[in-house]
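This report concerns only the one structure given below.
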Amino acid sequence: MDKINTKLEILADAAKYDASCASGGAGARKAKEGGKGLGSLTGGSGICHSFTPDGRCVSLLKILMTNYCMYDCHYCINRISSNVQRARFTVDEVVNLTLNFYKRNYIEGLFLSSGIIRSPDYTMEQMVLIAKSLRLDHDFAGYIHLKTIPNASAELQKQAGLYADRLSINVEMPTPASLAKFAPEKNLNDITGTMDHLKDSIAESRAEKKAPKFAPAGQSTQMIVGADPTPDTDILKTSVKLYDDYKLRRVYYSAFSPIPDASPVLPLKPAPLVREHRLYQADWLLRFYGFSYDDIAQGAKDGMLSLDHDPKVAWALQNRHVFPVDVNRASKDMLLRVPGLGIKTVARILHLRRQHSIRWADLAKMRLPLSKLKAFITLSDYRPVMGLLDGVNLAATLKNTQQLELFSGRT
Amino acid sequence: MKNIILPPVPEFDAWRRAARDALAQNIHPSEITWNDGDDLFGAGTVAPAPISHAPRTKVPSDFIDQARQAVCHADPGRYALLYKMLWRITRENRALMQWTTDDDVIALARMVKSVRRDAYKIKAFLRFREVGEKPGHFIAWYEPEHFTLGLSLPFFTTRFANMNWSILTPYISAHWDADAQGLTLLPPQSKDTCPDDDATEKHWLTYYSHIFNPARLKPKAMLAQMPRKYWRNMPETALIDGLMTGAHDRVQDMISKHKA
């Protein structure tokens with residue numbers, strides 16, 4: 001019997017509920033020349049080495065060090081009261097698996113998380129040993145993401161940041177009340193306190209050129225969506241706070257889905273994946289499209305984002321008076337508000353309109369979604385027909401399902 | 001009519017020299033046929049391009065950057081398109097590249113996009129297998145859609161600088177010697193040179209099937225990023241059908257146990 005294989009089954013199963021598989025943002029890097037080192041970072045957004053039928057990319061070896069855990073968080077497959085099979089990797093086993101996978105070009109690196117055993121410090125120390133061994137014993141230059149253990153000592157966090165490209169700590173639930181209910185041993189202040197520490201260490205290392213690198217790809221977090229009744233707008237309010245206060249690189253949303261041997265506290269029904277998708281779209285609008293929290297909330301109903309319309313369309317439907325937008329004259333900010341125009345398209349439009357006036361045929365050649373755009377724009381040879389923008393049918397014609405996969409590759 | 005034969009494995013400089021000569025002689029794009037040579041390393045069929053003495057024409061750098069990628073495209077019409085655009089840039093409109101809805105500019109942009117994607121997918125989807133005593137030799141068989149191995153090689157020589165490896169494709173093979181830190185390009189080798197198993201591969205397959213979440217089936221999202229044309233050289237893709245068929249029952253099982 002192959003012991004590693006059995007452990008891998010259990011500890012990959014236990015790790016799949018973490019959405020992040022990002023392996024970019026840490027800059028370019030390679031192993032020391034002339035040494036025995038292995039690996040590089042390309043400096044871009046990382047490479048997706050495979051995709052599973054859940055549409056997620058496989059970029060990292062994402063495993064738990066162990067799924068034994070002292071805590072009893074209801075949403076978690078590894079909580080102490082769950083009867084799942086348990087396993088624990090040794091430091092060397094994780095190191096060897098990572099190197100062997102990496103050498104075959106399966107992965108960009110390691111994403112290591114863990115259940116809490118003995119104490120937060122003991123657990124964190126073991127995880128740091130793995131990262132340290134990869135970096136120092138093997139001169140491994142690939143990507144390392146460590147899940148920080150809440151309440152682990154500042155000294156251990158400091159060490160983790162020296163070896164890891166990214167650190168993360170999950171807030172898990174969007175409100176303190178839900179955290180108290182679903183994760184009785186966890187405390188929001190501990191989590192945000194750790195984030196605050198990490199934020200300072202990251203900023204210090206960035207400010208000082210000669211300072212040792214500390215988590216160059218920054219920190220991220222994850223919230224479970226749909227296990228508790230918190231509405232979308234409150235979830236996004238938490239996200240805005242996390243981005244602003246702790247300078248997080250990413251907030252991940254994970255639609256609650258059934259887990260083996262689930263706690264009776266959990267709902268029976270999985271949250272719709274489209275809800276998670278809408279949250280990612282809103283998150284994108286907040287960070288890259290100049291939308292404010294209030295803009296997003298305007299398009300929501302009873303605190304919930306529309307499942308039928310993406311949040312940009314939902315906002316546009318509430319703000320028809322600002323349309324149609326003149327593609328040849330509008331500001332960049334305004335173009336970014338037009339449903340159907342993305343960041344790249346807007347850049348192309350700005351470029352093109354310096355050369356000549358843009359016409360309907362140009363948009364067709366750019367393969368833009370014309371049926372979505374037509375109510376919201378004017379061109380030198382096009383105006384929407386009377387009533388299109390104010391018509392009662394507009395909302396119905398803009399319902400779409402084909403966009404659902406849009407953000408799926410970006411986990 | 002002028003007939004220009006370029007090396008079967010595209011070299012940007014060979015095209016550039018030929019194009020510069022033709023431009024200096026004022027040969028209209030409709031007066032040239034461009035061909036790929038068919039004999040990879042054999043002598044004779046491909047006349048070595050003469051060192052051009054034609055005056056250098058200044059051309060916008062974004063055209064050169066895109067042309068460098070586009071010559072790697074498998075479309076036999078790529079050289080003619082590039083020359084036509086070069087002609088238009090030098091004779092008609094130096095700002096042609098900014099006219100992003102011009103048909104030629106669009107055609108070139110599509111070629112470049114396809115080449116970039118292909119070069120990216122090699123880095124993503126190529127799988128090494130190890131042969132021999134450890135540390136062994138790592139061998140991969142890969143079938144790019146275009147002539148993109150060359151564009152991807154710096155990635156492999158950097159990332160795997162201290163491993164001995166070979167990458168075999170249907171049109172060329174690349175071999176890296178870790179001790180010498182040297183790369184050798186050779187004619188293609190049979191796919192059979194690549195071993196059909198590897199000690200770590202079964203762990204990879206285990207990992208792939210266990211990191212999959214059956215409660216979130218989204219095959220379209222998977223296929224958008226990893227279309228079937230890539231599957232045949234990726235060992236884990238053999239598991240996909242089974243994982244998809246079993247997903248529904250696994251989820252129902254979890255839900256019914258939850259109720260009980």
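Convention: sequence-line order gives letters A, B, ...; per-chain numbering from 1. Just so it is clear, the model here is predicted, and its values are computed rather than measured.
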Inset, instruction - Would you kindly say whether A/Thr90 and A/Asp92 are connected by a side-chain donor-acceptor distance under 3.5 Å? - result: no
Inset, instruction - Please flag which part of A/Leu273 lies under 4.5 Å from any non-hydrogen atom of chain B: side chain, backbone, both or neither. - result: side chain
Inset, instruction - Inspect the contact between B/Glu201 and B/Arg127 and indicate whether a charged nitrogen and a carboxylate oxygen are less than 4.0 angstrom apart. - result: no
Inset, instruction - Would you indicate whether A/Arg29, at its atom CZ, is surrounded by more than 12 heavy atoms from other residues, nucleotides or ligands within a distance under 6.0 Å? - result: yes
Legend entry - Option in A/Gly142, A/Gly37, A/Ala14 with maximal non-hydrogen atom pairs under 4.5 Å from chain B: A/Gly37
Inset, instruction - Heavy-atom distances under 4.5 Å only: say whether A/Arg367 touches chain B with side chain, backbone, both or neither. - result: side chain
Inset, instruction - Measure B/Asp253 against the heavy atoms of chain A and call it side chain, backbone, both or neither at under 4.5 Å. - result: neither
Legend entry - Region of A/Ile259 that comes under 4.5 Å of a non-hydrogen atom in chain B: backbone
Legend entry - Side chains of B/His210 and A/Asp13, donor plus acceptor under 3.5 Å: yes
Inset, instruction - Using non-hydrogen atoms and a 4.5 Å limit, figure out which bit of B/Phe156 sits close to chain A: side chain, backbone, both or neither. - result: side chain
Inset, instruction - Identify whether the distance between the nearest side-chain nitrogen and carboxylate oxygen of B/Arg88 and B/Asp102 falls below 4.0 Å. - result: yes
Legend entry - Under 4.5 Å from a heavy atom of chain B, the part of A/Pro272 involved: neither
Inset, instruction - Mind ranking A/Gly39, A/Ala141, A/Ala361, A/Ser59 by heavy-atom pairs under 4.5 Å with chain B and telling me who comes out on top? - result: A/Gly39
Inset, instruction - Quick one: which of A/Leu11, A/Leu41, A/Leu266 has the most heavy-atom pairs under 4.5 Å with chain B, could you say? - result: A/Leu266
Inset, instruction - Against chain A, work out which of B/Phe138, B/Trp204, B/Phe125 has the most heavy-atom pairs shorter than 4.5 Å and name it. - result: B/Trp204
Legend entry - Ring centres under 6.0 angstrom apart (A/Tyr75, A/Phe256): no
Inset, instruction - Against chain B, work out which of A/Ser50, A/Ser257, A/Pro270, A/Pro258 has the most heavy-atom pairs shorter than 4.5 Å and name it. - result: A/Ser50
Legend entry - chain A contact via B/Ile106 - side chain, backbone, both or neither, heavy atoms under 4.5 Å: side chain
Inset, instruction - Establish, from distance only, whether the side-chain atoms of A/Tyr102 and B/Arg159 form a donor-acceptor pair under 3.5 Å. - result: yes
Inset, instruction - Examine whether an atom of A/Ile10 lies under 4.5 Å from a heavy atom of chain B, and if so say whether it belongs to the side chain, the backbone or both; otherwise answer neither. - result: neither
Inset, instruction - Sort A/Lys62 into side chain, backbone, both or neither according to what part of it lies under 4.5 angstrom from a heavy atom of chain B. - result: both
Legend entry - Largest heavy-atom contact set with chain B, pairs under 4.5 Å, which of A/Lys269, A/Lys36, A/Lys30: A/Lys36
Legend entry - pair B/Phe212-B/Ile240: side-chain heavy atoms closer than 4.5 Å: no
Inset, instruction - Give a yes or no answer on whether the side chain of A/Asn105 reaches the backbone of B/Leu126 with a donor-acceptor pair at less than 3.5 Å. - result: yes
Inset, instruction - Using a cut-off of under 4.5 Å on heavy-atom pairs, state which of A/Asp261, A/Leu61, A/Leu97 scores highest against chain B. - result: A/Leu61
Legend entry - Residue among B/Leu223, B/Ile211, B/Thr237 with most heavy-atom pairs under 4.5 Å to chain A: B/Ile211
Inset, instruction - Determine, for A/Glu93 against A/Lys3, whether the closest basic-nitrogen to carboxylate-oxygen distance falls under 4.0 angstrom. - result: no
Legend entry - Structural part of B/Glu236 lying under 4.5 Å from a heavy atom of chain A: side chain
Inset, instruction - Counting only heavy atoms closer than 4.5 Å, note whether A/Lys103 contacts chain B via side chain, backbone, both or neither. - result: both
Inset, instruction - For each of B/Tyr120, B/Tyr207, B/Trp165, B/Tyr230, tally heavy-atom pairs with chain A at distances under 4.5 Å, and name the one with the top tally. - result: B/Tyr207
Inset, instruction - Inspect the surroundings of CD in A/Gln85 and state if more than 12 heavy atoms from other residues, nucleotides or ligands are less than 6.0 Å away. - result: no
Inset, instruction - May I ask you to check whether B/Phe128 and B/Phe160 place their ring centers less than 6.0 Å from one another? - result: yes
Inset, instruction - Tell me, for B/Pro135 versus chain A, whether the close heavy atoms (under 4.5 Å) come from the side chain, the backbone, both or neither. - result: neither
Legend entry - Output field: ring centroids A/Trp360/A/Tyr382 closer than 6.0 Å: yes
